[in-house]
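What follows is a set of notes on a single structure, which appears directly below.
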Amino acid sequence: MEKRVVIGELASPEYMRRVKDEAQPILIPIGALEQHGPHMSMNPDVLLPGAVAVAVAQQIGALVAPAIAYGYKSQQKSGGGNHLCGTTSLDGHTLSSTVKDILKEFARHGARKICLINGHFENSMFVVEGIDLAIRELRWEGIHDFQVVMLSYWDFVNEDTIARIYPEGFPGWAVEHGGVLETSLMLHLHPHLVDMSCVPTHAAASFPPYDVFPAIPEWTPASGCLSSAAAASAEKGALLFDVCVQGISRALSEAYDARVNASRD
Ligand code: ZN
Ligand code: MN
């Protein structure tokens, strides 16, 4: 039987033992509620890092915290824009404060190794801000050995995999919103949340090298997707999932070991 990794499913003595005695890392998926076109549910940004987190935790011996299911505002050139119906976002400082509060709570329990696994592009710097504030305040409280890794799962898709997934050419992660990557992963992990009969087939969106606020709705393709997911498949999803899980497991072992070695010097 696989070991339970989901924090909410553990009784507190077991949680305490694994956090304090075994010093297991805590992985926190972070995503968004955001429209992803006519062919897919609005929750891939939270389901995908959540699934990656569980698989990584089983591999390296870690715990998975409940996901942060809301994210920073969708930007037009990476998520279609925050004007679109269904997309439901937090102000930047709310997201940073939420991340800070959760990190400080896990620190209070005795956790010293955390990883935020991001599934929504726009979150990145507000998550970094929350991490920075938490580490600063924990230092004031005398805690100096608290270490946080922050990553976005798609950054672990290496060039070989990109060549296999996008034989026609890679459009770039920015316009992948609702595209081949997310749709393939959803077909692999949650096929009932995808309807390929509704998939848009338009060309990848192209934008000028500047942003306009408020957004000009006509810039976003009417589908809400920034590229077509017509070439998505469950097989591609399985390949992408595996490369992300292996890469992130390796990265976390490296990052946490580096810390242990640094504190020995
Ligand atoms: Zn997404
Ligand atoms: Mn997103």
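Order of listing sets the numbers, starting from 1, for every ligand and every atom in it. As a basis for the values below, the full set of heavy atoms in this structure was taken, side chains included, without hydrogen atoms, waters or symmetry mates.
No side-chain donor from either of Ser228 and His202 sits under 3.5 Å from a side-chain acceptor of the other. Side-chain contact of Ser227 with Glu176: a donor-acceptor pair under 3.5 Å is absent, judged by distance alone.
Near the Mn ion (ligand 2), less than 2.8 Å away, sit the protein N, O or S atoms Glu34 OE1, Asp45 OD2, His120 ND1.
Side-chain atoms of Tyr70 and Val46, non-hydrogen and from C-beta on, never get closer than 4.5 Å to each other.
Closest non-hydrogen pair, Ala215 versus His83, comes out as CB-ND1, 4.0 Å. Residue Thr183 comes nearest to Ala229 through the heavy atom pair OG1-CB, 3.3 Å, listed as atom of the first residue, atom of the second, then distance.
For residues 14-35, the set of pairs meeting the ring pair (Phe, Tyr, Trp, His ring centres under 6.0 Å) definition, not counting sequence neighbours, comprises Tyr15-His109.
The one candidate from Leu103, Leu63, Val64 that meets the side-chain contact (heavy atoms from CB on, under 4.5 Å) condition with Ile28 is Leu103.
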Full working for side-chain hydrogen bond (donor to acceptor under 3.5 Å, both in side chains) between Asp45 and His36:
CA-CA 9 Å; Asp45 289 6; His36 275 73; 2.9 Å; yes
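Taking the Zn ion (ligand 1) as reference, the nearest N/O/S atom within Glu182 carries the name OE2. Summary: OD1 is the N/O/S atom of Asp45 found nearest to the Zn ion (ligand 1).
Taking 2.8 Å as the criterion, His120 does not count as a coordinating residue of the Zn ion (ligand 1), since none of its N, O or S atoms falls below it. In summary, Glu176 places no N/O/S atom under 2.8 Å from the Zn ion (ligand 1), failing the contact criterion.
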